[in-house]
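Structure first, then comments.
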Amino acid sequence: MMNVPATLRISFRALRVNKMRSALTMLGMIIGVGAVIAMLAVGTGAGRKIAEQISSMGSNLLMVLPGATTSGGVRMGSGTQPTLTLADADAIRKECPAVQDVAPVLSGVAQIVYGHQNWSTVVVGTTPGMLTVRDWSLVSGRPFTEQDVKSATKVCLLGKTVVDNLFGDMDPLGQMIRIKKVPFVVIGLLATKGQSPQGQDQDDSVYVPVTTAQKKLFGTSFPGMIRIMMVKAKNTDDLAAAEKQINELLRQRHHIGPKQENDFTVRNLTQMMETAQESAKVMTLLLGAIASVSLLVGGIGIMNIMLVSVTERTREIGIRMAIGAKTWDIRLQFIIEALMLSFIGGIVGICFGISGSKILSILAGWPTIISPLSILSAFGFSGLVGIFFGFYPAYKASLLDPIDALRYE
């Protein structure tokens, strides 16, 4: 019967005798485990950042773009021909069962002035449905209403970046600002959204009623013209149905024949966002896989040192076997030594990985998220590496002939 406590003592004593060699052997596992934890933290942090940016755009989103102009046989691309109107948006809202709400958009860049401060930003003409479509809330004030849209009222909602640059610590509610020299009253402050997946500051914007934008700011090529429509489906399962219903309705409204091309484009933003999330997951797995190679290198280092140890301790093995040690006693001794190297290296590597992730986040400005699963995975993998690479030296040691081992010099 194997004497496990005695075997543990022998294994620990053997590692303690060769402290420098044991420390250098563990270094491979320390670097491997630390690298896996740090890389997974970077990948997970990047994935979380992308998810936050995606969720800031809104959920279950479709975007409807106007058609393309053709000049001299050259097609200019989607959005170059004004073919969408407020009436189209209203029809989609009322006649498409899979659609929850619609936000028509007519936007442009304008200079905003308050007192002696000014700021150039994006001014978005839209309807109250924009807050629903974009899952956007107000931190104070009120949204503009359908009545504001009908009356082309000169009211506006401000994003956080605009507030900071125009008002500083002042309360903007009720204040008068000028957009293209037209006075507007600030009635609401939008909650912080952060960057979009394309890197744009979503808080650097001003929202006004779409009719006000049409009549008093940007003008239109023809009555009711808008640049795009953002459409929110009732749920994710309704996205395909909403897209089909929008296509059919707009073809009917724009009198497009069966063999004619659409003068609009419907894009599924949710699918694009999901693709970005999948890319982030693949990046995380790739980073983890690359870092795991260093664990394998550390395991090979353990096997190399254990083989050297078997050769150096051949006479000791012969003595143990001569006084009654069984084959599995010898195997267990060297497996335990390999496991101790792996586990101690793994524990130190966890500390290095966590510290490295924090330092990387501070110095490089990268978001890092350390998950318990990544720590357990790295530590568990280090144990498996110890068993795998420690078994062959242990197996080789257990096959030594006691008489030949005793004669070994």
Side-chain angles (χ1 to χ4, degrees), residues 53-54 56-109 122 124-127 129-130 132-135 196-200 202 205 207 210 213-214 218-279:
Q53 291 176 344
I54 287 171
S56 72
M57 290 290 294
S59 57
N60 309 327
L61 282 182
L62 296 167
M63 184 173 288
V64 185
L65 303 174
T69 56
T70 302
S71 178
V74 178
R75 304 186 69 192
M76 305 303 291
S78 297
T80 54
Q81 180 183 359
T83 57
L84 300 178
T85 65
L86 279 175
D88 289 332
D90 194 48
I92 290 173
R93 184 187 299 108
K94 293 177 179 177
E95 299 179 36
C96 295
V99 170
Q100 180 179 342
D101 213 334
V102 182
V105 172
L106 178 65
S107 61
V109 176
V122 176
V124 181
T126 186
T127 61
M130 175 61 77
T132 302
V133 170
R134 295 287 309 280
D135 297 327
S196 70
Q198 293 78 30
Q200 298 170 331
Q202 298 179 90
S205 54
Y207 285 79
V210 64
Q214 289 173 336
F218 305 121
T220 57
S221 303
F222 58 89
M225 185 203 83
I226 56 174
R227 288 206 170 94
I228 62 171
M229 282 188 282
M230 299 186 72
V231 182
K232 183 182 181 70
K234 289 184 176 177
N235 54 60
T236 306
D237 295 334
D238 285 331
L239 275 169
E243 186 173 351
K244 181 180 178 182
Q245 291 165 11
I246 292 169
N247 275 293
E248 291 175 351
L249 179 61
L250 290 183
R251 284 183 67 86
Q252 178 187 343
R253 288 182 56 82
H254 295 184
H255 307 291
I256 300 173
K259 295 183 180 181
Q260 291 179 300
E261 290 186 0
N262 291 342
D263 62 355
F264 60 90
T265 304
V266 182
R267 292 182 180 171
N268 190 331
L269 294 186
T270 301
Q271 286 183 349
M272 296 167 61
M273 295 170 183
E274 288 174 353
T275 301
Q277 282 185 309
E278 288 300 320
S279 299

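Counting begins at 1 with the first residue of the sequence.
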**Asked** How about I92 and L250: do any of their side-chain heavy atoms sit closer than 4.5 Å?
**Response**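 Yes - at least one pair of side-chain heavy atoms lies under 4.5 Å apart.
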
**Message:** Do Q245 and V231 make a side-chain contact, defined as non-hydrogen atoms from C-beta onward lying under 4.5 Å apart?
**Reply:**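 A side-chain contact is absent here, since even the closest heavy-atom pair is not under 4.5 Å.
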
**Request:** Determine, step by step, whether I246 and M229 satisfy the side chain to side chain contact (heavy atoms under 4.5 Å, CB included) criterion, reporting the C-alpha distance in whole Å, the side-chain angles of both residues, the deciding distance to 0.1 Å, and the verdict.
**Result:** CA-CA 11 Å; I246 292 169; M229 282 188 282; over 6 Å; no

**Message:** For D263 versus T83, what's the shortest heavy-atom pair and its separation?
**Reply:**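 Reported closest heavy-atom pair: O-OG1, 2.7 Å.
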
**Request:** Search all heavy atoms of T85 against all heavy atoms of I226 and return the closest pair with its distance.
**Result:**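 T85 and I226 have their closest heavy atoms at O-CD1, 3.6 Å.
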
Please check this pair: side chain of [X] against backbone of [Y], looking for a donor-acceptor N/O pair closer than 3.5 Å.
| X | Y | value |
| --- | --- | --- |
| R251 | G257 | yes |
| K232 | A103 | no |
| T126 | V210 | no |
| T132 | D101 | no |
| E243 | N268 | no |

**Message:** Evaluate D238 against N60 for side chain to side chain contact (heavy atoms under 4.5 Å, CB included), listing each step before the verdict.
**Reply:** CA-CA 8 Å; D238 285 331; N60 309 327; over 6 Å; no

**Prompt:** Quick one: CG on D90 to CD on E95, what's the gap to the nearest 0.5 Å?
**Reply:**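 It is 8.5 Å, given to the nearest 0.5 Å.
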
**Interatomic distance, F264 atom CZ to R253 atom CZ [nearest 0.5 angstrom]** =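 The CZ atom of R253 is 11.5 Å from CZ of F264, to the nearest 0.5 Å.
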
**Flag for N262-H254: side-chain donor and acceptor within less than 3.5 Å** =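 No.
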
**Message:** I'd like to know whether M63 forms a side chain to side chain contact (heavy atoms under 4.5 Å, CB included) with L61, so could you lay out the CA-CA distance, the side-chain angles of the two residues, the decisive distance to 0.1 Å, and finally the verdict.
**Reply:** CA-CA 7 Å; M63 184 173 288; L61 282 182; over 6 Å; no

**Asked** Does the side chain to side chain contact (heavy atoms under 4.5 Å, CB included) test come out yes or no for I228 and L84, once each step is laid out?
**Response** CA-CA 7 Å; I228 62 171; L84 300 178; 5.6 Å; no

